[in-house]
Protein chains: 2
Amino acid sequence: MAECASTTASAASVRRPVGRDGILDVAARLFREQGYGPVTLRKIAEAAGIKAGSIYYHFGSKDEIVVAILDAGIRAVHEKMRQAVLGHPDDSVAAAILRAAIRAHLRALLDVSDYSSANVRIFGQVPQSVRDANLPTRRAYEAEWDNLLTRLQRDGALRRNVDIRRLRLMLIGALNATLEWFDPERGSVEALASTYADVFLNGMLEQREV
Amino acid sequence: MAECASTTASAASVRRPVGRDGILDVAARLFREQGYGPVTLRKIAEAAGIKAGSIYYHFGSKDEIVVAILDAGIRAVHEKMRQAVLGHPDDSVAAAILRAAIRAHLRALLDVSDYSSANVRIFGQVPQSVRDANLPTRRAYEAEWDNLLTRLQRDGALRRNVDIRRLRLMLIGALNATLEWFDPERGSVEALASTYADVFLNGMLEQREV
DNA sequence: GTCTATATGGGGATAGAC
DNA sequence: GTCTATCCCCATATAGAC
């Protein structure tokens with residue numbers, strides 16, 4: 001969000017205003033790394049190079065920070081996924097479109113955005129009021145997937161006996177779960193995305209014919 | 001774990017010792033419902049009908065309770081899955097064995113055990129020391145799946161180009177993610193298990209021939 | 001915009017009576 | 001085996017100086 005990474009120097013570094021975006025950047029990284037509970041305003045302030053009380057100049061409460069991060073996280077992955085799908089004409093092969101969407105979601109989560117990964121990591125841990133505030137943004141992303149899946153099913157590319165809502169929950173849930181165990185040293189995001197597409201599109205059983 | 005459900009009466013109910021197992025039962029339910037952070041010893045004690053200080057007669061710390069619940073949760077789902085697989089001879093159709101294993105895992109998570117669901121819900125939220133204590137039990141369950149998948153792949157039932165460890169992480173991660181959204185009013189666990197098996201075994205694309 | 005100082009509340013944990 | 005009472009720490013949040 002801010003134009004440069006914050007200095008993580010513990011103290012006595014160059015004193016330069018971090019501002020609202022700087023605080024959000026640092027907080028998103030900490031939430032992604034540590035989850036919701038362990039990240040206190042004191043830790044955020046220290047990582048940003050300011051004092052805890054100063055945060056209240058920019059935000060009214062801790063929850064306000066969290067909501068801002070959750071919203072930005074969804075918007076980031078939504079945008080990536082939308083662009084990936086737009087890159088294909090409507091009459092493209094269904095498998096290619098789905099592969100692109102899966103790849104975009106995983107890249108946003110594992111490669112690109114601390115905000116998106118923080119969202120997945122902490123959404124289940126934040127107070128109900130915070131979840132509620134994030135809901136409209138989430139719904140918009142879910143609708144994007146539902147539109148895509150509905151269109152592909154109508155075109156005959158997807159099995160007709162699966163409920164679209166359930167399929168979307170399965171797919172997004174499976175992709176988000178990678179955050180718990182993905183290790184770039186064991187393989188690239190690209191390879192992971194390819195495997196997910198293989199399994200979700202064609203299954204894990206040996207195909208009898210092609 | 002205890003032989004009967006605890007009375008949830010807020011006060012002045014029949015005073016009967018709840019004991020170690022009673023505390024664990026109540027705590028597991030609260031952790032499943034609320035996650036790790038919001039569940040305090042005071043809340044556990046109140047739900048169990050005792051006072052917070054009394055918990056320390058049975059446990060040395062809050063973490064000791066959490067570790068006991070995490071371990072019991074894995075053991076419960078492990079046992080269910082193992083029994084489900086044992087119900088099939090080694091030369092059964094691979095798809096049938098996998099379906100049974102998937103069904104057993106989902107049932108343990110969504111139907112049977114507060115301990116298993118609490119495990120999935122809070123594992124990512126607990127301190128590292130608690131996770132470490134739970135690791136051996138987890139590894140044993142993971143090995144059970146790896147053994148099954150390796151055997152099926154050796155028999156030619158699974159595609160050869162997928163890494164077993166990665167496949168297991170994909171599968172378990174996807175199944176565990178259902179805890180976030182599964183609603184029994186929208187469909188049974190059995191139906192959900194069937195859909196998961198369909199998609200993971202054969203994929204979501206319309207099959208060209210059978 | 002950031003600081004220092006502090007109010008206020010709730011958490012885990014302990015000691016000793018019953 | 002459970003109670004009451006309490007210690008100690010750390011969280012969010014506020015007030016006012018600079």
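This is a predicted model, so every value here is computed, not measured. Below, chains carry the letters A, B, ... as their sequence lines are ordered, and counting in each starts from 1.
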Exercise for the section: Between protein and nucleotides 12-18 of chain C, map the contacts as a letter string: B base, S sugar-phosphate only, - none, heavy atoms under 4.0 Å, written 5' to 3'. Expected result: BBB----
Handout entry: Distance, rounded to the nearest Å, where A/Y36 contributes OH and D/dA11 contributes P
Key = 13 Å
Problem - B/R29 to B/Y115, cation-pi by 6.0 Å centre distance and 45° axis angle - result: no
Practice task
Please state how far atom CD1 in A/I44 lies from atom C1' in D/dA13, giving the value in whole angstrom units.
Solution key: 14 Å
Handout entry: C/dC3 phosphate, OP1 or OP2, under 4.0 Å from A/S54 side-chain N/O
Key = yes
Exercise for the section: Please report, rounded to the nearest Å, how far the C1' atom of C/dG1 is from the CG atom of A/D21. Expected result: 15 Å
Exercise for the section: Please report the shortest heavy-atom distance between A/I102 and A/A197, naming the atom on each side. Expected result: CD1-CA, 4.0 Å
Practice task
For B/R32 and B/N119, test the side chains for any donor-to-acceptor distance below 3.5 angstrom and give the result as yes or no.
Solution key: no
Practice task
Let me know the distance between NE2 of B/H58 and P of D/dG1, rounded to the nearest Å.
Solution key: 6 Å
Exercise for the section: Quickly work out the A/F59 CZ to D/dT14 P distance and round it to whole Å. Expected result: 15 Å
Completion exercise
5'-most contact on DNA chain D (nearest-nucleotide basis), A/P38 vs B/Y57, goes to B/Y57
For residues 60-72 of chain B, tabulate all N or O donor-acceptor pairs below 3.5 Å that involve a side-chain atom, not counting sequence neighbours.
{"from": "B/S61", "atom 1": "OG", "to": "B/D63", "atom 2": "N", "distance (Å)": "3.4"}
{"from": "B/S61", "atom 1": "OG", "to": "B/E64", "atom 2": "N", "distance (Å)": "3.2"}
{"from": "B/K62", "atom 1": "NZ", "to": "B/V39", "atom 2": "O", "distance (Å)": "2.9"}
{"from": "B/D63", "atom 1": "OD1", "to": "B/Y36", "atom 2": "OH", "distance (Å)": "3.4"}
{"from": "B/E64", "atom 1": "OE1", "to": "B/G60", "atom 2": "N", "distance (Å)": "3.1"}
{"from": "B/D71", "atom 1": "OD1", "to": "B/N134", "atom 2": "ND2", "distance (Å)": "2.7"}
{"from": "B/D71", "atom 1": "OD1", "to": "B/T137", "atom 2": "OG1", "distance (Å)": "3.2"}

Handout entry: By ring pair (Phe, Tyr, Trp, His ring centres under 6.0 Å) - contacts of B/H78 (at least two apart)
Key = B/Y141
Problem - Geometric cation-pi criterion A/R99 and A/Y196, 6.0 Å radius, 45° cone - result: no
